[in-house]
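Side chains included, hydrogens not; waters and symmetry mates left out as well; all remaining heavy atoms used.
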Amino acid sequence: MSKISQQNTTTDVSGVSVIHTQAHSSGLQQVPQLVPVSPGGGGKAVPPSKQGKKNSFVDRNSDEYRQRRERNNMAVKKSRLKSKQKAQDTLQRVNQLKEENERLEAKIKLLTKELSVLKDLFLEHAHNFADNVQPVGTETTTTNPENSGQ
């Protein structure tokens with residue numbers, strides 16, 4: 001079965017395009033999209049929550065403005081302290097990892113030396129063992145002089 005869809009686009013005064021889509025007989029769906037109102041484009045789309053705040057005049061002497069500035073300054077201080085703490089924690093973790101890496105590298109060197117010594121001992125022992133054991137096919141057979149004349 002094929003889907004039949006139809007789209008109609010309308011723009012309201014706030015610059016929000018609403019696309020109406022009809023698929024089969026399910027009805028219209030509204031999907032809001034932010035679209036600049038100016039026909040030439042080039043401007044940024046403004047979400048509805050920010051539209052009214054842009055043009056309002058702010059009285060810098062008002063108590064509300066002072067409170068907002070104070071809250072903002074506190075938030076900035078908190079953010080900068082948090083950022084500084086995170087940088088310190090990261091630096092501390094880097095130093096810990098460097099120390100651990102050095103310890104592990106020293107352990108690798110020690111174990112490598114130990115392996116080398118054990119290999120040398122094993123090879124020496126294997127060489128001595130091989131010299132003392134005669135190969136299976138080269139055993140000397142002794143003949144019994146009593147049975148040689150029969």
Side-chain angles (χ1 to χ4, degrees), residues 1-140:
M1 297 197 164
S2 64
K3 285 188 177 180
I4 300 171
S5 63
Q6 190 176 22
Q7 289 186 350
N8 295 326
T9 305
T10 58
T11 304
D12 64 8
V13 291
S14 65
V16 176
S17 280
V18 178
I19 298 176
H20 302 279
T21 306
Q22 184 173 8
H24 293 293
S25 61
S26 63
L28 291 177
Q29 294 178 338
Q30 293 187 2
V31 181
Q33 292 182 345
L34 298 177
V35 178
V37 177
S38 62
K44 285 189 174 181
V46 180
S49 61
K50 302 276 182 175
Q51 287 176 351
K53 295 179 182 180
K54 193 172 184 180
N55 295 332
S56 65
F57 176 75
V58 178
D59 181 15
R60 293 178 182 246
N61 296 326
S62 70
D63 288 338
E64 180 189 353
Y65 176 78
R66 281 279 119 222
Q67 288 174 351
R68 284 185 14 221
R69 291 302 317 140
E70 192 173 316
R71 279 199 315 263
N72 182 262
N73 290 341
M74 288 172 44
V76 167
K77 282 181 185 177
K78 184 178 176 182
S79 174
R80 288 178 182 159
L81 283 174
K82 187 176 177 182
S83 176
K84 186 186 270 188
Q85 183 64 44
K86 187 175 180 182
Q88 288 175 348
D89 291 346
T90 303
L91 184 60
Q92 184 179 4
R93 180 74 173 134
V94 165
N95 290 332
Q96 287 174 347
L97 290 173
K98 282 182 180 179
E99 289 174 7
E100 183 181 0
N101 193 31
E102 289 172 3
R103 282 194 309 271
L104 291 172
E105 285 178 0
K107 189 173 183 178
I108 288 171
K109 284 183 182 179
L110 178 67
L111 291 173
T112 303
K113 285 180 183 178
E114 187 178 338
L115 177 64
S116 177
V117 168
L118 291 173
K119 251 189 211 179
D120 291 343
L121 285 172
F122 175 76
L123 291 174
E124 183 180 327
H125 179 69
H127 180 67
N128 288 340
F129 183 73
D131 287 345
N132 292 336
V133 175
Q134 294 178 351
V136 174
T138 60
E139 288 185 23
T140 56

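Here the straight-line distance linking atom CD of E105 with atom CG of L110 works out to 14.0 Å at 0.5 Å rounding. Summarising the geometry, atom CD belonging to Q85 is positioned 4.5 Å from atom CG belonging to D89; distances are rounded to the nearest 0.5 Å. Atom CG of L111 is separated from atom CG of L104 by 10.5 Å, given to the nearest 0.5 angstrom. The OG1 atom of T90 sits 11.0 Å away from atom CG of N95, with the distance rounded to the nearest 0.5 Å. Taking OG1 of T112 as the reference point, atom CD of E114 lies at 10.0 Å (rounded to 0.5 Å). The NZ atom of K77 sits 7.0 Å away from atom CG of N73, with the distance rounded to the nearest 0.5 Å.
Looking at residues two or more places apart in sequence or on another chain, you find a side chain to side chain contact (heavy atoms under 4.5 Å, CB included) between E70 and M74.
Judged by distance alone, the side chains of D63 and Q67 never bring a donor and an acceptor atom under 3.5 Å apart.
Nearest heavy-atom pair across R66 and R60 is NE-O, 4.2 Å.
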